[in-house]
Amino acid sequence: MNALPPSSGKLVHYVSDAPFDVQSVKRLTPEQERVYLASQWRLMWWKFKRHRLAVVASLVLLVLYGTIPFSEFLAPYNGSTRNTDFIRSPPQKMHLFHDGQFVGPFVYGKDYRLNMTDLKRDYTVNHANLQRIRFFCHGDPYQFWGLVPADVHLMCPADGGTLFLLGSDRLGRDVLSRMVYGARISLTVGLIGISISFLLGITIGGLAGYYGGWFDLLSQRAIEIVHSIPHIPLWLALAAVMPVTWSPMLVYFGITVILGLMDWTGLARAVRAKLLSLREEDYVLAARLMGAGTPRVLFRHLLPGFISHLIASATITIPSMILGETALSFLGLGLRPPVISWGVMLNEAQNMNVVALYPWLMLPVVPVILVILTFNFLGDGLRDAADPYN
Amino acid sequence: ETPFFAERVATGKLPAIDQRLPEQPRVLDMQSMGRIPGKPGGTWRMLMGDQRDLRMVTLYSYARLVVFDEKLQLVPDILESFEDQDDKVFTFHLRKGHKWSDGQPFTAEDFRYYWEDVALNPKLSPTGPNVALLANGQKPKFEIIDPETIRFTWDTPNPAFLPSLAASQPVYIFMPAHYLKQFNPRYAGKDDLAKKIKDAHVKDWSALHERMSRQYRPENPELPTLEPWRNTTPPPADFFVFERNPFYHRVDENGRQLPYIDKIAMMLGTTNLIPAKVASGEADLQARYINFEDYTFLKHAEQANNYQVELWQQGYGARAALMPNLNAADPIWRKILRDVRFRRALSLGINRRDINRVLFFGLARESGNTVLPESPLYKQSYADAYTNYDPAEANRLLDLVGLDKRDGEGFRLLPDGRRADIVIETAENDTVDTDILELVGDDFAKLGIRIFNHPSQRDAFRQRIFSGQVIMSMAEGLDNAVPTEKFEPDALAPSAESQFQWSRWGLYFESGGSQGEAVDMPEPQHLLDLLHDWRHSTSDAQRKTIWDEMLSINADQVYTIGIVNGTQQPVVVDGNMRNVPKSALFSFEPGSFFGIYMPDTFWYDVKSE
Amino acid sequence: MSETPDILRVNQLRISFQLQRGALDVVRGVSFRVPLGKTVALVGESGSGKTVISQAIMGLLPKAGSISGGQILFDDPLKVDGGEPVDIARLPRDGREIRHLRGGRIGMIFQEPMSSLSPVHTIGNQIEEALRLHRPIKAGEGRSITEAMLEMVGFKNPHRAYRQYAFELSGGLRQRAMLAMALICHPALLIADEPTTALDVTIQAQVLNLMRSLQSDLGMSILLITHDLGVVANMADEVVVIYHGEIMEAGSANDIFRHPQHPYLKALLAALPHFDMKPGERLTALRDTSGDLAPVMTSRRQTLAEQTSTAQPSTPILAVNNLRKTYPGKRSGILGKRAERVVAVSDVSFEIKRGECLGLVGESGSGKTSIGKLIMRAIKADSGSVVFNNGSGPVDVLALHGPAGRRFRTAIQMIFQDPVSSLSPRMTVLNIIREPLEIHNQGSPSEQTARVADLMSAVGLDRRFLNRYPHSFSGGQRQRIGIARALALDPELIICDEPVSALDVSVQAQVLNLLKDLQRELGLTYLFISHNLAVVDYIAQRIAVLANGRIVEIAPRGVLFRSPAHSYTQALLKAVPFPDLDHPLDFTSVALRGASNPKNWAPQFQDEGDPASLTPIDLGQGHIVLARATIDRKELVA
Amino acid sequence: MLRYLIRRFMIMIPTLFFTSAIIFTVINLSPTDYFSNYVAELQAQGEKADMSRVEFLKREYGFDKPPVERYFLWVGGLLHGDYGYSFEYQLPVKDVVGDRLYLTILVSFSTILFTWLIAFPIGIYSATHQYSWADYGLTTLGLLGLAIPHFLLALLFMYFANVWFGLSIGGLMDPQYLNASMSWGKVRSVLAHVWIPVLIIGTAGTGAMIRTVRANLLEELQKQYVTTARAKGLHPFRILIKYPLRLAMNFFISDIGSILPSVVSGAELVAIVLSLQTTGPLLIHALQTQDMYLAGSFLMFLATLTIVGVLISDIALAFLDPRIRLQGGAR
Ligand SMILES: Nc1ncnc2c1ncn2[C@@H]1O[C@H](COP(=O)(O)OP(=O)(O)OP(=O)(O)O)[C@@H](O)[C@H]1O
Ligand SMILES: Nc1ncnc2c1ncn2[C@@H]1O[C@H](COP(=O)(O)OP(=O)(O)OP(=O)(O)O)[C@@H](O)[C@H]1O
Ligand SMILES: [Mg+2]
Ligand SMILES: [Mg+2]
């Protein structure tokens with residue numbers, strides 16, 4: 001601690017008398033030590049954690065994806081179980097108290113009447129008909145993972161009762177159960193598509209960026225061409241060449257491929273741009289001078305440099321694929337019943353009747369929105385955490 | 001005088017009403033039809049999908065040389081009268097003083113022009129005159145007796161001739177000669193025509209003539225017409241306005257020229273939106289593009305937008321019918337499909353009541369694919385054949401057919417060990433179809449058969465059927481389900497490629513044996529023979545027996561598995577519109593949808609104005 | 001009592017940074033002053049807090065940083081009422097008052113001139129903006145004032161410069177533009193944060209000279225931040241030595257240079273290489289961490305012994321003959337005619353003997369890196385040959401391919417200029433150093449790991465660091481990793497491309513010592529590229545001087561520094577600032593004269609448009625100079 | 001610069017050529033053609049197609065020739081400004097597209113304008129207030145627009161606009177103006193309707209745009225020259241406008257090329273749902289009915305739009321960014 005010399009005064013020669021330790025700068029606080037020893041992933045994780053919304057988003061996604069293996073168990077009904085007496089029944093509210101008394105989770109039963117003047121099924125809540133929800137109960141039978149026959153569900157309607165927490169559709173199927181089943185397809189449709197788009201994007205963009213020259217020129221033109229052709233006609237055309245005899249699952253696969261094929265250009269561009277700048281880095285030259293071959297340079301040195309960028313862009317592409325699936329369904333090109341996906345459900349919901357009379361059929365839009373929001377926030381978080389070394 | 005034309009008449013642009021009407025207009029007695037004579041005025045707003053729907057106006061107008069009345073009797077309309085000798089000699093009398101919509105006289109010359117310059121011109125008709133003009137492949141003799149009288153003569157009977165003129169999509173045997181001659185090199189100046197061809201960006205005169213002469217789809221506003229309304233908007237457009245034809249030949253009992261309604265405003269747009277637009281009161285009389293599903297929604301806005309929703313009955317033989325493809329390429333399947341027990345089993349295995357209840361509110365009729373009770377040819381037994389729900393019997397029959405082996409999951413196996421899964425193909429994506437198949441699928445699962453629905457684009461769908469790749473399809477049943485014996489029973493015999501249960505046999509028949517396959521089963525062959533008999537029939541009694549026999553064979557053999565018919569079609573009618581029947585049959589054939597109920601007699605009951 | 005009041009008084013300033021967990025105190029109670037019209041130098045090694053202090057004075061601390069105590073009193077000499085000085089530490093961030101001071105009363109030159117200017121606005125625009133902001137000027141006047149300022153900072157054609165963009169200017173010119181921007185409003189205080197680190201000596205001298213003359217013209221005070229003691233000695237009136245956020249020593253320049261007392265300051269001074277060092281004298285680094293060369297040596301020694309027995313001692317290990325390299329020129333002009341190709345290397349020949357270190361000096365852009373890369377075959381030569389002879393016969397490097405090419409890769413290695421960008425940031429140190437071994441399949445994985453560990457200790461790094469990532473190392477440590485990697489394959493020749501220019505003196509001393517040790521113990525041969533003459537003088541036996549792609553002079557180090565023959569060499573030597581008050585820079589002789597421009601050279605060195613008219617002339621003792629063939633030897637020595 | 005322009009132009013030609021080939025292939029991929037489609041449609045309704053007319057038309061439009069020949073006929077026509085003939089409308093493609101093009105352009109430009117007007121301020125705010133609640137909130141709002149499927153949003157909007165404001169459902173103007181020539185009433189009617197599609201198409205774009213503005217700006221804000229500008233004493237807002245925003249603008253200019261087509265094609269679904277009188281439904285319909293010259297020429301038009309858009313953005317960028325302008329397209 002030195003004292004400030006008096007203003008306008010002559011400067012006295014000040015020498016600090018505190019003990020001097022040359023190594024003091026080099027000594028690291030435990031905090032710094034931790035940071036220095038951390039790997040890329042660790043650092044990314046720390047940075048990521050600061051983005052609260054992204055953390056929440058990733059938890060939500062984890063839960064959503066977590067339901068996939070257990071759809072049968074989590075859904076109160078099977079995805080295609082019909083209840084002809086409860087067609088287009090509005091959602092049943094879950095209650096805990098009856099007449100001010102706690103009875104545990106239950107729903108009131110519904111009575112319905114065919115209204116022959118406007119041909120509508122009118123449902124009235126019957127407060128006398130108290131149906132207690134059963135948990136870990138036996139309900140619709142199913143094949144767990146296609147292997148084990150089982151019939152245990154997380155919750156089931158009371159014996160002889162119904163449990164349509166999100167209402168039922170025009171064939172009397174439970175919307176909630178269908179949403180749970182739909183997650184399977186909708187959440188995975190992006191993953192396959194993205195693998196394809198990444199494979200193409202990284203290879204083409206990578207080679208274009210690393211080699212430049214004619215390959216770059218060609219791939220740039222190819223991208224421009226793919227880019228300049230509107231998507232919808234391509235969808236229509238590609239959907240038209242998909243053999244008509246394909247099973248719904250193959251169609252599903254085909255659609256993901258189509259989505260992937262449409263999507264690689266953006267990534268290829270990003271990869272190329274990134275590589276164009278990265279390849280000028282000295283460490284690339286260093287590797288080359290050591291005699292490293294192209295694959296080694298690309299995969300050991302360059303790719304890790306924007307792996308986080310890739311992850312982030314993946315998280316943003318997946319939602320666009322989920323939306324793409326719904327758009328395809330809208331055009332009648334996408335998945336079809338009996339396959340259950342959110343896109344299929346929304347497609348069935350896209351008419352004025354639903355908006356005006358049966359709004360609960362639009363509920364599958366909620367998970368779509370949720371997934372897209374969470375993926376985007378996750379992407380945001382990852383993007384911020386992207387370059388842990390900067 | 002019609003107020004709409006008052007000004008034009010006053011300024012001399014139009015002749016007065018008595019000059020415009022034929023000497024003998026067709027007088028409609030509203031009272032006796034149970035209708036109220038009205039007053040002219042107003043615009044009929046209708047919503048349509050695309051430009052092809054322009055033909056709806058031609059359908060709704062339903063002005064033909066001869067027409068069916070509501071009792072399905074043939075009556076002259078544009079013709080003043082006609083004579084029919086043994087279905088061989090047809091003499092037509094035109095109305096004296098009848099004029100095209102541009103005021104030019106409508107005479108025998110217009111028939112001659114069609115016959116000589118169009119039907120017989122190899123450039124304009126590469127495949128010759130329309131089949132309705134051929135009896136046993138022979139062309140008729142065409143004579144002009146006098147400017148108001150013409151005659152067609154065949155050597156053999158041609159009982160389909162008059163119905164084809166009265167059909168919803170009629171065979172046009174006349175054309176406005178005075179107008180079209182300018183496009184025909186036989187009459188037109190060479191340079192003049194060349195210039196017209198150039199202006200229209202077409203290749204040659206035949207293309208130009210073709211384009212200018214479309215009567216069924218009134219795209220050309222300049223083409224003179226005899227219909228109640230004529231198009232005034234050149235395409236392309238999203239909004240077509242039709243105006244009343246000042247020379248229209250019908251009047252009401254008070255001598256007032258029809259139609260009552262001055263204009264038709266047709267708005268094109270996305271068909272999905274039409275129910276919503278109708279509900280917001282944007283159409284005055286609308287049935288097309290609204291479905292039974294929309295009824296509730298429409299009903300809810302009835303008060304607010306001053307309209308009524310009526311339910312008419314659809315005129316199909318079946319709203320949906322499964323069509324096993326007897327010409328399937330797969331030999332194993334073909335053998336099974338041709339086994340009547342299999343078809344009966346499937347029919348017995350459908351729980352029609354459930355479908356009716358879930359999807360049609362119980363308002364449809366659970367019936368096979370056959371004529372409707374409204375038809376004089378109807379018999380209860382046709383409708384009821386194999387339509388009771390009897391899964392036990394169905395299972396028994398299936399076991400007999402050779403599908404008695406089952407796999408681990410309980411599904412039936414074909415004799416060659418494949419699973420007996422049926423892919424049922426449909427055209428386009430129709431939710432009702434999908435739902436029906438979903439329900440049928442549940443029922444069939446109980447028979448040990450799984451079905452998959454595969455919708456595809458309409459022409460791809462048809463092509464796959466034609467090539468025999470499809471085992472079973474689903475489509476609407478008989479197009480004309482309220483026939484009289486006067487109608488040709490061709491839909492009941494393998495006579496057309498578009499019959500999905502036996503399209504290759506149909507093609508064989510259509511092509512005169514050059515394509516497709518010859519019928520190789522006794523019953524269908526019998527049906528064909530019966531059709532042949534009808535074509536040479538000379539009396540209604542004879543025709544009726546032929547019809548009866550064909551209907552019962554079809555019902556017994558279950559060539560198509562009808563599910564429900566008599567389904568409901570919502571019809572939205574403006575609150576002020578009069579004379580629209582409360583309940584009626586809504587079908588393309590016969591009836592031209594609204595046409596048979598004569599929309600030119602509909603009118604707006606508005607107090608002032 | 002001196003007449004001059006203090007314009008800036010920093011009192012017990014404390015600055016801390018909010019890190020992931022907890023705060024990090026970066027500046028810990030620093031007090032100093034800047035008297036009116038004087039230059040105060042803030043000296044200290046990298047990371048000691050110099051920039052942060054300057055940022056605090058400008059109110060430009062990064063978001064994470066905050067002033068946690070103390071005052072920054074700015075006493076504006078133009079204050080009308082002679083009121084109290086402003087305490088900048090208390091002014092709201094980006095408030096009106098601080099904005100008035102910034103640019104208007106306090107100007108600042110940033111550390112990186114390359115990125116400090118907007119790439120899409122003209123120089124004139126950016127400078128004039130500051131003017132308009134702080135001085136009421138008439139319309140149309142701005143431009144002339146700006147151009148005058150540009151002229152003042154040494155733009156030869158200010159009118160043109162006004163419309164130029166940053167990327168069209170060289171580093172030195174950008175630094176001048178920054179200077180113009182900082183000075184345009186005649187601030188009372190100029191903060192110059194390492195204004196010359198990025199520049200080579202001649203340009204550095206020009207910029208420093210400029211600052212001095214402007215200071216006297218405008219009467220402003222300067223706070224000069226640097227770790228280059230040579231610059232300090234030539235510029236500062238008072239010096240503040242800072243270490244780790246605390247002031248170690250402060251006093252007048254005289255006190256500091258003639259009576260250094262604090263061990264830190266003494267160590268800093270000792271770490272500087274200077275020209276009158278005895279051969280074999282070692283620099284004393286602040287934190288000397290000499291390596292343990294024993295493990296790597298054994299294998300090395302053997303080969304060394306074998307080679308010395310077989311190879312004739314006279315054959316050079318590397319001979320470069322008539323090397324030439326041109327780059328495509330930039331297109332210019334509306335019609336986009338291709339400009340002539342830029343000649344980066346022209347007719348360069350030299351030899352390096354085994355075990356020798358050849359220094360290659362020359363200003364920025366003279367083609368040093370290009371030569372290095374040509375030898376490494378990182379770029380293709382237009383013509384010329386590179387002959388490598390490690391005893392098993394001469395090979396033409398430029399024609400090598402296949403297995404021979406791979407073998408060659410093991411024999412020559414390169415140490416890169418920039419320790420940050422030459423290490424893959426996503427690889428651990430272990431993987432980085434092991435990579436050459438993997439590529440050339442040398443040994444089993446465990447042997448490789450063992451060798452990496454040996455190399456680590458050889459360069460004086462703890463073996464525990466093996467699993468760390470490069471980002472966690474200081475510049476000096478990273479440079480050592482680079483050296484370890486270069487050593488991994490037992491090379492015989494290492495090309496060191498400015499291995500120390502990015503390092504501060506104390507770290508620089510460490511690295512130089514290490515290189516020297518390696519040379520001595522392992523018999524390595526170096527081509528040592530630098531523009532820092534003192535450094536080259538310390539490490540090299542012979543030095544080649546490069547100007548505009550040609551070697552203009554080559555001589556043993558003693559000879560070169562004692563009797564430089566070429567005008568360019570002389571100019572270079574003159575431009576070196578010595579950390580010694582007794583050897584002030586002769587600003588008048590070097591400043592504002594393009595030292596590398598042949599027009600400023602003595603006539604005997606000018607080629608008069610014909611490059612071939614110049615030939616290397618041997619002055620004896622291995623001293624060769626490029627001059628006109630017709631010139632008498634005597635003239636050159638004189 | 002000129003050289004750069006010429007080079008850019010030269011590159012465009014093969015690109016256009018390939019694009020046209022791909023488009024032609026794409027629209028010919030379907031195993032069926034317009035005519036069988038047409039016949040199918042008619043028969044579905046119970047009507048009969050006059051086969052002799054169909055044969056007549058097929059010959060008329062060269063369907064008896066091999067595809068390669070048809071391709072060259074088509075491309076040759078395009079080069080002469082002849083876009084071919086629509087089977088469906090029996091009119092030259094040019095006449096069919098007609099007015100719809102103007103409406104499409106109106107909708108597209110309004111959408112772009114809307115997107116920018118909303119997205120820029122929000123993006124800037126988010127970037128300058130990173131990690132604030134407002135940042136999170138606004139980003140979420142933008143994402144919401146991105147996440148709700150277009151067609152659903154359109155449906156909801158339309159329904160509530162009708163229920164609450166009594167706006168006619170769908171369309172771009174009240175029906176009575178559809179064929180009318182330009183008039184005040186028509187303009188007003190169009191303006192009263194255009195906001196719905198603009199809002200719907202715009203919301204998705206806005207979400208994406210907010211994110212790009214934010215990301216780009218965040219990156220620029222860290223640059224040293226921003227600090228330089230602050231050191232001059234500039235007001236933070238002026239700094240933002242003049243420096244980072246100006247540089248972030250480059251990004252948008254380079255994106256112009258893809259904005260228009262993406263708006264146009266993003267609008268297609270919405271246009272169908274909303275029954276707009278724009279080119280979108282026309283195109284989809286043409287594709288579905290295999291009206292191949294209409295579809296093909298239209299696609300070609302869109303593709304050319306993109307390619308020319310990219311060209312324009314490259315040129316604009318070259319003018320705006322001195323680095324490109326002066327270094328001759330070193331990009
Ligand atoms: N934005 C920041 N966030 C966290 N720590 C920082 C930040 N800026 C500087 N520091 C820390 O403050 C300390 C002093 O940094 P400063 O930049 O002032 O050093 P310097 O003396 O200017 O060094 P150099 O000579 O390398 O420029 C360093 O330890 C650095 O890690
Ligand atoms: N890839 C390149 N393309 C075009 N010109 C180049 C390229 N690399 C170098 N140059 C030019 O060649 C000349 C020599 O460059 P080089 O990098 O060898 O200089 P240097 O002496 O290493 O400079 P510094 O001290 O700045 O590192 C310079 O004028 C430079 O502009
Ligand atoms: Mg610094
Ligand atoms: Mg260099």
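Proteins come first, then strands; the chains are lettered A, B, ... in the order of their sequence lines, and each starts at number 1. Below, each value reflects all heavy atoms present in this structure, side chains not excepted, and no hydrogens, waters or symmetry copies. Because the structure is predicted, anything quoted here is derived from the model rather than measured.
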Residue selection (most heavy-atom pairs with chain A, distance under 4.5 Å) from C/Glu438, C/His440, C/Arg377: C/Glu438
State the OG1-CE distance between C/Thr410 and A/Met290, to the nearest 0.5 angstrom. 13.0 Å
Rounded to the nearest 0.5 Å, how far apart are CG of A/Leu289 and CE of C/Met414? 7.0 Å
Does the side-chain contact (heavy atoms from CB on, under 4.5 Å) test come out yes or no for A/Tyr283 and C/Leu423, once each step is laid out? CA-CA 5 Å; A/Tyr283 61 84; C/Leu423 302 179; 5.5 Å; no
Grab the two heavy atoms, one from A/Gly291 and one from C/Arg409, that are nearest each other, plus how far apart they are. N-CD, 3.7 Å
Main-chain N/O of C/Arg426 paired with A/His301 side-chain donor or acceptor, under 3.5 Å: no
Does the pair A/Arg296/C/Glu435 count as a salt bridge with the N-to-O cut at 4.0 Å? yes
Which pair of non-hydrogen atoms, one from C/Ile439 and one from A/Ala292, has the smallest distance, and what is that distance? CD1-CB, 3.5 Å
Roughly how far, to the nearest 0.5 Å, is CG of A/Leu285 from OG of C/Ser422? 9.5 Å
